[in-house]
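Scroll down for the structure; my scribbles are underneath it.
Excluded from the calculations below are hydrogen atoms, water molecules and symmetry mates; all remaining heavy atoms, backbone and side chain alike, are included. Computed from a predicted structure; not experimentally measured.
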Amino acid sequence: MIIRRRLTVGVGILLATLTAGLGSALPAAADEPPTTASPKVELVLDVSGSMRTRDIDGQSRMTAAKQAFNEVLDAVPEQVQLGIRTLGADYPGDDRKVGCKDTKQLYPVGPLDRTEAKTAVATLAPTGWTPIGPALLGAADDLEGGDSTRRIVLISDGEDTCGPLDPCEVARDIAARGIHLVIDTLGLVPNEKIRKQLTCIAEATGGTYTAVQHADELSGRVKQLVDRAAEPVVTPVATKGADSCTDAPQLKAGLYTDRETFGEHRWYRVDVLPGQELRASVSVFADRAVNNDYGMLLRAVTVHGREIVRGSESGTGRTDAISSGLRYPKAELDTDDEQTPETVCLQVSNSFSAPASVKTSPGMPVELTVDLVDGPDNASDVAAFGLGRGWWLLGVLVLTGLVAGLLTGWISRWRIAVWRTNR
């Protein structure tokens with residue numbers, strides 16, 4: 001049944017495609033605009049005074065960074081719009097208020113003129129402070145607009161010197177905007193404090209942290225991150241769950257992101273037609289310090305509050321993400337009448353907690369996947385029980401084990417009885 005249905009749909013799509021193609025002129029098709037927007041990347045370079053230090057392959061950190069940038073600029077894919085922002089490049093003085101505003105866009109995000117970008121980088125000299133937080137905010141503004149993927153690559157050799165604006169909190173606020181911006185960080189110094197701060201910045205947005213100590217490592221990693229931005233990816237849709245199913249947003253099949261505070265319950269709604277199977281999974285990311293022993297719950301509930309199926313998972317602090325999922329097949333109706341969908345309420349809950357010093361706002365990142373597929377042909381598929389199509393084999397093995405155990409016990413008792421009789 002499922003094969004027939006898929007074959008019919010496939011033939012229909014093929015015929016529709018051929019009809020549309022024959023009805024259109026070939027020149028018009030050649031002039032169609034690209035269907036995907038160009039990805040945007042901004043390289044954010046630390047040009048603070050400490051970049052003068054000569055500890056990368058016998059040269060200064062600044063020289064190594066310039067060399068890496070030149071190699072990266074030569075290799076940027078044509079479809080990528082690239083920009084460059086600096087921090088600590090202009091103000092050499094001791095006034096914190098002035099030094100912590102020292103960030104500017106060196107090259108605007110857009111189609112790359114390699115010669116112009118290299119010339120701009122060549123003028124840089126290590127100068128002042130390390131305002132990482134303000135630089136990240138500026139880079140996020142530089143990348144605004146459009147539906148393309150966005151990525152910030154931060155290269156730094158030190159901690160932010162412009163507190164109390166915590167760059168990790170800045171990264172969380174950027175992630176909470178729902179603009180799907182990833183921040184990757186590269187550290188030029190193997191220092192534990194620097195590693196923790198740069199790791200926190202990256203993890204808050206789903207990015208990566210890399211420690212680099214050689215010029216070829218730096219250029220190779222930045223090239224890799226720029227190339228990754230050019231790869232097609234599924235962009236999650238930002239949504240906001242409600243406090244009850246009644247007010248919950250209506251979701252279709254797709255990938256969604258949200259934010260959930262500690263101990264919160266969020267609701268979403270999905271319409272499931274007879275003959276379809278709802279498959280949902282959710283991941284909650286601990287992007288800050290949390291207490292050990294936590295859990296999460298994903299429930300499918302009717303609009304009247306009756307639980308249909310649930311999935312849950314627990315953790316002990318050894319992982320930064322926790323996930324669970326569920327499946328709900330809705331039986332197909334034996335009628336030719338119009339099929340009415342059932343509204344299924346999805347509840348996402350968590351039992352995270354944290355020390356009093358940890359900020360709970362914005363909430364932790366949540367990623368929710370919803371899929372609607374053809375349901376099983378009949379009840380023997382038992383997809384709702386999570387046993388798949390091999391459930392009968394499991395039943396046979398259980399029954400065989402039970403019979404074997406009974407026979408073994410009976411034979412043992414019989415042998416003991418015979419031995420006692422003949423003793």
Side-chain angles (χ1 to χ4, degrees), residues 35-42 81 109 136-152 168-184 200-208 228-229 231-271 278-288 296-299 320-325 343-350 352 359-372:
T35 56
T36 56
S38 297
K40 296 179 179 180
V41 179
E42 182 146 84
Q81 296 189 42
V109 178
L136 293 178
L137 288 173
D141 292 339
D142 296 341
L143 295 171
E144 276 190 349
D147 298 322
S148 61
T149 58
R150 303 171 179 85
R151 186 177 293 270
I152 294 173
C168 191
E169 292 297 329
V170 169
R172 289 177 186 145
D173 290 338
I174 290 173
R177 295 183 189 179
I179 58 175
H180 316 302
L181 191 158
V182 175
I183 303 174
D184 296 292
C200 183
I201 292 170
E203 290 180 348
T205 60
T208 59
R228 184 176 297 174
E231 296 172 358
V233 296
V234 176
T235 303
V237 177
T239 188
K240 188 173 183 180
D243 295 331
S244 66
C245 181
T246 306
D247 303 320
Q250 190 78 36
L251 304 184
K252 297 181 180 180
L255 180 63
Y256 300 88
T257 57
D258 199 356
R259 289 265 168 174
E260 188 173 81
T261 57
F262 298 134
E264 189 178 8
H265 305 276
R266 291 232 167 184
W267 291 87
Y268 313 86
R269 295 196 297 169
V270 181
D271 283 345
L278 167 64
R279 298 179 180 179
S281 62
V282 65
S283 297
V284 178
F285 300 91
D287 62 347
R288 65 208 71 181
M296 64 163 300
L297 174 68
L298 174 64
R299 292 201 308 153
D320 295 325
I322 185 169
S323 305
S324 185
T343 297
V344 176
C345 306
L346 292 177
Q347 180 193 25
V348 177
S349 309
N350 76 81
F352 281 89
K359 293 184 179 180
T360 60
S361 180
M364 295 178 295
V366 173
E367 189 170 274
L368 176 64
T369 303
V370 175
D371 200 6
L372 293 167

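Take Glu367 and apply the side chain to side chain contact (heavy atoms under 4.5 Å, CB included) test, not counting sequence neighbours, and it matches Leu255, Phe285. Evaluation of the ring-ring contact (aromatic ring centres under 6.0 Å, His included) rule for Tyr268 yields no partner, not counting sequence neighbours. Not a single salt bridge (Lys or Arg N to Asp or Glu O under 4.0 Å) links Arg269 to another residue, sequence neighbours left out. Not a single side-chain hydrogen bond (donor to acceptor under 3.5 Å, both in side chains) links Arg288 to another residue, sequence neighbours left out. Glu203 meets the salt bridge (Lys or Arg N to Asp or Glu O under 4.0 Å) test with no other residue; sequence neighbours excluded. Evaluation of the salt bridge (Lys or Arg N to Asp or Glu O under 4.0 Å) rule for Asp271 yields no partner, not counting sequence neighbours. Considering only residues two or more places apart in sequence or on other chains, Glu260 meets the salt bridge (Lys or Arg N to Asp or Glu O under 4.0 Å) condition with none of them. With sequence neighbours excluded, the residues that form a side chain to side chain contact (heavy atoms under 4.5 Å, CB included) with Ser148 are Ala37, Lys40. Qualifying side chain to side chain contact (heavy atoms under 4.5 Å, CB included) partners for Thr360, counting only residues two or more places apart in sequence or in other chains: Phe262. Ala280 pairs by the side chain to side chain contact (heavy atoms under 4.5 Å, CB included) definition with Leu298, Leu326, Leu346, not counting sequence neighbours.
How far CZ of Arg172 is from CD1 of Ile201: 10.5 Å, rounded to the nearest 0.5 Å. Remark: Asp142 CG to Glu42 CD distance equals 4.0 Å, nearest 0.5 Å. Here the CG atom belonging to Leu297 is positioned 9.0 Å from the NE2 atom belonging to His265, to the nearest 0.5 angstrom. Here the SG-CD distance, from Cys200 to Glu169, works out to 7.5 Å after rounding to the nearest 0.5 Å. With rounding to the nearest 0.5 angstrom, the CG atom of Leu368 is 7.0 Å from the OG atom of Ser281. In this structure, CG on Leu251 lies 10.0 Å from CG on Leu278, to the nearest 0.5 angstrom.
Counting only distance, with no hydrogens or angles, the side chain of Arg150 and the backbone of Gly145 share a donor-acceptor pair below 3.5 Å. The closest donor-acceptor contact from the side chain of Asp371 to the backbone of Ala253 lies at 3.5 Å or more, if one exists at all.
Between Val182 and Arg228, every side-chain heavy-atom pair lies at or beyond the 4.5 Å cut-off. Side chains of Ile152 and Thr205 form no contact here, defined as non-hydrogen atoms less than 4.5 Å apart.
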Pair Val270-Leu372, side chain to side chain contact (heavy atoms under 4.5 Å, CB included): steps then yes or no: CA-CA 9 Å; Val270 181; Leu372 293 167; 4.3 Å; yes
CA sep, side-chain torsions, deciding dist, call: Val282, Val366, side chain to side chain contact (heavy atoms under 4.5 Å, CB included): CA-CA 7 Å; Val282 65; Val366 173; 3.6 Å; yes
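When all heavy atoms of Trp267 and Pro249 are compared, the pair lying nearest together is O-CD, 3.5 Å. When every heavy atom of Ala171 is checked against every heavy atom of Ala204, the shortest pair comes out as CB-CB, 3.9 Å.
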Only distances under 3.5 Å count here; give the side-chain donor-acceptor pairs of residues 236-243 to other protein atoms, sequence neighbours excluded, each with its distance to 0.1 Å.
none

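Legend: salt bridge (Lys or Arg N to Asp or Glu O under 4.0 Å) pairs involving residues 245-259, not counting sequence neighbours, sorted by first then second residue: Asp258-Arg266, Arg259-Asp287.
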